[in-house]
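Below is one structure; the comments refer to it alone.
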2 protein chains.
Amino acid sequence: MLNRVIFYTLERTIKRYRQFAQNNIDRAGVDITIDQWLVLNVIQESPTLGQQEIGERVFKDQASIARIINLLVKKELLIQSASQQDRRRVDRQITPKGEQLIEAVSPIIAQNRQTALDGLSEETIEQLRQALLLIDGNCQ
Amino acid sequence: MLNRVIFYTLERTIKRYRQFAQNNIDRAGVDITIDQWLVLNVIQESPTLGQQEIGERVFKDQASIARIINLLVKKELLIQSASQQDRRRVDRQITPKGEQLIEAVSPIIAQNRQTALDGLSEETIEQLRQALLLIDGNCQ
DNA sequence: GACTGTTCAATGATATGTCATATAATTTTA
DNA sequence: TAAAATTATATGACATATCATTGAACAGTC
C-alpha cells in the first residue's frame, strides 16, 4: 500500500541514488561525502558567495553549510580568512589538495549520473523534471 | 548549471514536500515528526515486525528505526515489552494516545499528498513513478 | 549438552537537517 | 552620530542517516 504513494517512490529513489553515488566515491578511495563535494564545487565556481547563498545552490540551510565548510577546512581542502572589506564575511579559497580532489571526483559523479539515467530518453527526463517542478510549486 | 541536473530537482522536490508536510502537521498543533508518524503507522498495521522489517517499509535502516521507536515510547505513543516466545524480540503496542494521534494526522497527510499532486494527472504520476523506478533499478 | 553461527535490538561515532539563538559587524534610521 | 535594524557566521539542541560493533538470545550441528 505504501508502495503506491508516489512520495515513497521519490524517497526511495533519491536515497538509492545517494547511496549508489557515495559508494562509488568510497570505492575510488576518496575521503569525502557527496554533500561536502557539492559545497566544495560551488565554492570553487563562486568563491565569493556567503553561506546562505551557497546553501541556496545546493538546497541546504546556512547551518548545514557552516558545518560542512568546517569539515572541508579540517580536511585541508579549503582555506578561510576574514574578509578585509566586510569583516563579518569570510574569504574562501580551495587548496591545491581541494582542486585535486574535485578533479578526481568529477568524472565519478558524471559517470554516476549517466549510469543512473541509463535507458531514460531526454524527453522522459524532461517530463520527469516538469512533474517534479509542478509538485515543487504546489508545496510552496 | 546545477539546475539542469535532474538529481538536484529530485532533491529539491523531496525536501520541499517534506518541509511542506511537516509544517502542516506542526500548524495543526501535533507534536510528531513525519518520520515518527510513518513508523508508528507501520507498527499499527503490522505490530509483529522487527526493526529491520519496519525499516524496509519506510526506507530507513535498523539503527534509525531503533531511535525513532525510542522517541515514540518516550512520547507514550507506543509500549514495548519483551516477547515471551523469542526474548530477543520486542512486543509493541500502540497506546490510545498513539491511536488518537494517528487518527489526527492521517487526514493531514492525505491532504498534503493531494495538494502536492494538484494538477498532475494519473497518467503523469504513473510516468513519474516509472521514471523513478528506472533510476532506482539503475542504481542497484 | 557444548560449540558455532545467526538474528535482534541497542548504541557509539560521525555527518547532515532544522530551528533557534548568539555574537559581531555593518547599514539604516531617527 | 547614536540607536535600531539587518546581515554573516557560529553554535546549541534535537532528529535523522549511516556504518560498525556489542551483547543477548536463539538455531543448527556435532
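Computed from a prediction, not measured in an experiment: that's the story for all the values here. Each chain gets a letter, A, B and so on, in the order the sequences are listed, and its residues count up from 1.
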Compare side-chain N and O positions of [X] against OP1 and OP2 of [N] and report whether any pair is under 4.0 Å apart.
{"X": "A:Gln85", "N": "C:dA25", "result": "no"}
{"X": "B:Ser64", "N": "D:dT16", "result": "no"}
{"X": "A:Lys15", "N": "D:dA17", "result": "yes"}
{"X": "A:Gln19", "N": "D:dC19", "result": "yes"}
{"X": "A:Gln36", "N": "C:dT16", "result": "yes"}

Counting any heavy atom closer than 4.0 Å, what does [X] reach on the DNA or RNA strands: base, sugar-phosphate only, or nothing?
{"X": "B:Arg16", "value": "nothing"}
{"X": "B:Thr33", "value": "sugar-phosphate"}
{"X": "B:Leu71", "value": "sugar-phosphate"}
{"X": "B:Ile65", "value": "nothing"}
{"X": "A:Asp35", "value": "sugar-phosphate"}

TODO: Between A:Gln84 and B:Asp86, name the one whose nearest nucleotide on DNA chain C is closer to the 5' end.
DONE: B:Asp86

Open item on the list: Which is more 5' along DNA chain C, the nucleotide nearest B:Ala66 or the one nearest A:Lys74? Just name the residue.
Closed with: B:Ala66

Open item on the list: Using a strict threshold of under 4.0 Å (side-chain N to carboxylate O), is an ion pair present between B:Arg57 and B:Glu45?
Closed with: no

Open item on the list: Distance criterion of 3.5 Å, no angle test: do you see the side chain of B:Arg88 paired donor-to-acceptor with the base of C:dT7?
Closed with: yes

Open item on the list: Given the structure, check if the side chain of B:Gln62 and the base of C:dA10 hold any donor-acceptor pair shorter than 3.5 Å.
Closed with: yes

- [ ] List the steps, then state whether side chain to side chain donor-acceptor pair (under 3.5 Å) holds for B:Ser64 with B:Asp61.
- [x] CA-CA 5 Å; B:Ser64 296; B:Asp61 75 344; 2.9 Å; yes

Could you give the [atom1]-to-[atom2] distance, from [X] to [N], as a whole number of Å?
{"X": "B:Ile14", "N": "C:dT16", "atom1": "CD1", "atom2": "C1'", "value": "16 Å"}
{"X": "B:Asp91", "N": "C:dC8", "atom1": "CG", "atom2": "P", "value": "14 Å"}
{"X": "A:Lys60", "N": "C:dC19", "atom1": "NZ", "atom2": "P", "value": "15 Å"}
{"X": "A:Asp61", "N": "D:dA13", "atom1": "CG", "atom2": "C1'", "value": "14 Å"}
{"X": "A:Arg18", "N": "D:dC19", "atom1": "CZ", "atom2": "P", "value": "12 Å"}

Counting side-chain heavy atoms from CB outward, which of [options] is closest to [X]?
{"X": "A:Arg87", "options": "C:dA25, C:dG17, D:dA10", "value": "C:dA25"}
{"X": "A:Arg89", "options": "D:dA15, D:dT9, C:dC8", "value": "D:dT9"}
{"X": "A:Arg67", "options": "D:dC19, C:dT18, D:dT9", "value": "C:dT18"}
{"X": "A:Gln51", "options": "C:dT16, D:dT16, D:dA10", "value": "D:dA10"}

Open item on the list: Please determine whether residues B:Val90 and B:Leu49 belong to a single hydrophobic cluster, defined as Ile, Leu, Val, Met, Phe, Trp and Tyr linked transitively by side-chain heavy-atom distances below 4.5 Å.
Closed with: no

Open item on the list: Could you tell me if the side chain of A:Asn138 sits less than 4.5 Å from the side chain of B:Tyr17, heavy atoms only?
Closed with: no

Open item on the list: Can you confirm whether B:Arg129 sits close enough to B:Leu133 that some side-chain heavy atom of one is under 4.5 Å from a side-chain heavy atom of the other?
Closed with: yes

Task: B:Thr95 side-chain N/O to B:Gly98 backbone N/O, donor-acceptor pair under 3.5 Å - done: yes

